[in-house]
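Computed over heavy atoms, backbone and side chain alike; hydrogens, waters and symmetry mates excluded.
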Amino acid sequence: IVKQPRHVPEEYKPKQGKIDLGTTYKRDFNSYKVQPVAIVRPLERQQVKKGKLDTVPTYKDDYRAWDRHKSELYKPEQTYQPPTVKFGNSTTFQDDFVPQEIKPRQSRQSFKPSSVVKRSTAPFNGITSHRLDYIPHQLELKFERPKEVYKPTEQRFEDLTTHRYDFQGLIGETAKICRPVHTRVTQSARFEGSTEFCECFQPWEIPPPEIKKVPEYVPPTGSMLLNSTSHLDYVPYQANRVVPIRPVSHRRSNNFPFPGKSTMKEDFPAWENCRQGLIKKQEQIPNPSGKFDGLSTFRSHYVPHKLIPTESCKPLNIAFKSSVPFDDVTIYSVEYTPKKQEICPASYPSPPGYIFENKNSQGHKFFRKITPAVKAF
């Protein structure tokens, strides 16, 4: 076996001098002194004295209910009165239509054609255009190619493949699993099998289901009449069995033996064939004599450590309670300015400070505000 040439790498020789580690970021960036950001807290608000809040919101102050009277309906009165005399006018259909007396037909003759098939007495003419125009021609003899005789080659068959030529079987042991042993973390304390569900929900005694008693079957007395209408009304008749009508057999009985030869059996006779043995190639590489060292880098460098269970850092599910009283001061209670309650002028029949002007067709009254007269100096 000729070994393939192997590429030998060149020996590494480090370069002399220092490495310039400067970058454009270090060259262009100017560092600044950064101070911690001061916390911006809201201003402290003065606590308002707690007490009952007697105020009127802006909605009630700006939107007041008006004392409006229901307007009267201006629908015209219905003066139509239905007539008491019966309507006696006739329609155009009643005037133009003249009833005629329907007379039945004396002889009801059906004009429907009869469904009886009419048979022709003339003989059937079976001559077609194909039979008239067809001219039979004599077929030519088919060309038969002579059969070639099979001649086997005298050379030996080479069944050696590249896999058999290049493959060299090596004997070795299977790799062992290097996985560490799984140590299960268990607790030494005894498990308490009592739960809230088991303590609160005790088993109840369930009575067995009641079985309904089926009454015992009592057969009726007397004999049963098994006669039917078919048995009573049927009259048997003596009839002969129908003989099957079969065609006459024209089969000829031959005592000659069947010729089982065919062209396939004559042209392809069975050859005596022996199974060829396996072709084993002589091993050129000798087998190892020493014991196989199955130590890998993982087995040599692996150090087993003891597993320590991690503690849970989840906070307890307990509601936080504070001793400081609840601060219920809102922006509305702090910034609200009370306003003086004024009476709506629409609630008066004649509002003070206004003069009545007119009244429209729908009943709405219009007032005008009195403006004080200004004296000239």
Side-chain angles (χ1 to χ4, degrees), residues 90-165 167 214 217 219-279:
S90 60
T91 61
T92 55
F93 180 77
Q94 293 176 355
D95 295 339
D96 300 338
F97 178 72
V98 179
Q100 301 289 338
E101 185 179 357
I102 300 172
K103 296 180 180 180
R105 293 181 181 178
Q106 295 180 0
S107 59
R108 295 185 179 179
Q109 185 179 0
S110 178
F111 294 96
K112 185 178 179 182
S114 61
S115 59
V116 180
V117 180
K118 295 181 180 180
R119 296 184 179 181
S120 178
T121 56
F124 177 70
N125 188 10
I127 299 172
T128 60
S129 59
H130 179 75
R131 292 181 180 179
L132 294 174
D133 300 337
Y134 178 71
I135 301 171
H137 297 278
Q138 189 176 3
L139 297 175
E140 297 179 357
L141 295 175
K142 191 175 181 181
F143 174 73
E144 293 184 1
R145 181 180 293 178
K147 296 181 180 178
E148 297 179 358
V149 182
Y150 174 71
K151 293 180 181 180
T153 58
E154 297 176 357
Q155 296 180 2
R156 191 178 179 182
F157 179 68
E158 295 181 1
D159 58 347
L160 188 65
T161 60
T162 55
H163 180 76
R164 290 184 181 181
Y165 183 78
F167 177 70
V214 181
Y217 174 71
T221 58
S223 60
M224 184 177 179
L225 296 175
L226 300 176
N227 294 330
S228 62
T229 56
S230 177
H231 288 180
L232 296 176
D233 300 339
Y234 178 71
V235 179
Y237 295 95
Q238 293 182 0
N240 297 325
R241 192 165 185 175
V242 180
V243 179
I245 301 171
R246 296 179 180 177
V248 181
S249 176
H250 297 285
R251 186 178 180 183
R252 297 178 182 178
S253 58
N254 297 325
N255 298 325
F256 301 104
F258 176 72
K261 293 184 178 181
S262 62
T263 55
M264 176 77 180
K265 289 184 179 181
E266 291 177 356
D267 297 341
F268 297 95
W271 296 83
E272 293 181 1
N273 186 16
C274 298
R275 190 171 182 180
Q276 189 179 6
L278 296 174
I279 300 173

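With sequence neighbours excluded, no residue satisfies salt bridge (Lys or Arg N to Asp or Glu O under 4.0 Å) with Asp133.
Atom-to-atom distance recorded for Arg131:CZ and Thr128:OG1 is 5.0 Å, nearest 0.5 angstrom.
By the 6.0 Å contact criterion, CD1 on Ile279 is enclosed, its count of non-hydrogen atoms from other residues, nucleotides or ligands being greater than 12.
Judged as a side chain to side chain donor-acceptor pair (under 3.5 Å), the pairs with a partner in residues 258-268 (not counting sequence neighbours) are, in order, Lys147-Asp267.
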